[in-house]
Amino acid sequence: MSDKPTILVGRKLPPAVEARLARDYNAILNTDDTLYTSEQLIELSAQVDAILPCHSEHLSADVIGKLSDRVKAIANFSVGYDHVDIEAAKARGIIVTNTPDVLSDATAETAILLMLGAARRGSEGDRMVRAQAWRDWSPSFMVGTQVTGKRFGVIGMGRVGRVTAARARGFDMDIHYYNRSRLSGDLEAGATFHDNVDSLLASADVLSIHCPATAETKGLLNAERIALLPDGAVVINTSRGGVVDDDALINALKSGKIFAVGLDVFNGEPSNIHPGYRELDNVFLLPHIGSATKETRVGMGYRALDNLDAIFAGKEPGDRVA
Ligand code: 8YV
């Protein structure tokens, strides 16, 4: 063992990222990509100076409270950090970082995929062709809703929200947004600001959710708010499942209030999502692959390592969140 810092790497990362880890650190790599249990994370923490987790590792207040004093940093391989109890980390003096920017393009691509897949009944059509259930064609067959020229409503106009809005402009969509604070004219790029979510909802033919999962945003899209959407709206979510009240959304899909949803994130993911989604045709579902491109995975890994490099050089990391 050299005197390089030791890093516990939560999941298997791209070869280029693992090569940089192995060059610059004593890296405990997760070569078979098995999810560590909380007990394993706590036990391994005695050997490490930092942890590089994904959102699949849950660093609750309880886990953080039991980590070894040796752990100086949690450098997330993710932009969202709701899987880490930030207050507990602060209380232990553990630095926490995330990986913004590098995944905005990939996630925006996924949001647009969800919008089109939901609006144009992508999953339903795919299933029909695969099941050899496609028997006929007529002008009334598999008719979807067109998004071109409609209003695209964004909740959370951060980096991902802004790139997604820029892509939606490619469909001549009129951008509306709600954000805690109004953006500068430059960043707004002609979008209409709403100073409250309810007003945004009434203007969203397509609603795209990009806000983080926090105590304030939990269940934000509930029955009362869904009622404010225009009839036949499309809802897409690439942020976190917790922002949505699943029962309310499923009821609105059944009643036709919402034409279709495109979801990449879920309450209870991966294996305990609301069973109601599986029974509906008007849903386009993906398994949390918003940022899953080769380019972005490397970008995320390098960004996490840039943060660790700064921390172990005694500098302020670029993406500190605690
Ligand atoms: C990542 C994400 O794939 O970065 C995030 O917050 O939700 C995803 O895009 C995942 O979190 C990796 O840990």
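Values below: all heavy atoms of this structure, side chains included; hydrogens, waters and symmetry mates excluded. Remember, it's 1-based here, ligands and their atoms both numbered in the order they're listed.
In the model, D247 has a side-chain atom that pairs as donor or acceptor with a side-chain atom of H274 under 3.5 Å. In this structure, a donor-acceptor pair under 3.5 Å is present between the side chains of D246 and Y277. There is no side-chain donor-acceptor pair under 3.5 Å between S60 and D62. Checked by atom type, the side-chain pair S45/R70 shows no donor-acceptor distance below 3.5 Å.
Scanning the protein heavy atoms around atom 12 (C) of ligand 1, the nearest turns out to be F77 O, 3.1 Å. Scanning all protein heavy atoms for the shortest distance to atom 4 (O) of ligand 1 gives V79 N, 2.8 Å. Protein heavy atom closest to atom 3 (O) of ligand 1, with residue, atom name and distance, is S291 OG, 2.9 Å.
Ion pair K4/D49 not flagged as a salt bridge, since none of the NZ, NE, NH1 or NH2 atoms sits closer than 4.0 Å to an Asp/Glu carboxylate oxygen.
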Pair Y302, D309 - check side-chain hydrogen bond (donor to acceptor under 3.5 Å, both in side chains), show working. CA-CA 10 Å; Y302 284 176; D309 292 351; over 6 Å; no
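Distances between N or O atoms of G290 and those of ligand 1 include no value under 3.5 Å.
Distances from atom 11 (O) of ligand 1 to the heavy atoms of H55, H83, H288 put H55 nearest.
Contact analysis puts R297 in contact with ligand 1, with a non-hydrogen atom separation below 4.0 angstrom.
Residue Y81 qualifies as open at atom OH: its count of foreign heavy atoms under 6.0 Å is 12 or below.
Near R240, the atoms of ligand 1 lying under 4.0 angstrom from a non-hydrogen atom of the residue are 2 (C), 5 (C), 6 (O), 7 (O). Of all atoms in ligand 1, listed by their number and element, those nearer than 4.0 Å to a heavy atom of G80 are 4 (O), 5 (C), 6 (O).
Contacts between L103 and ligand 1, counted as non-hydrogen atom pairs separated by less than 4.0 Å, involve the side chain only.
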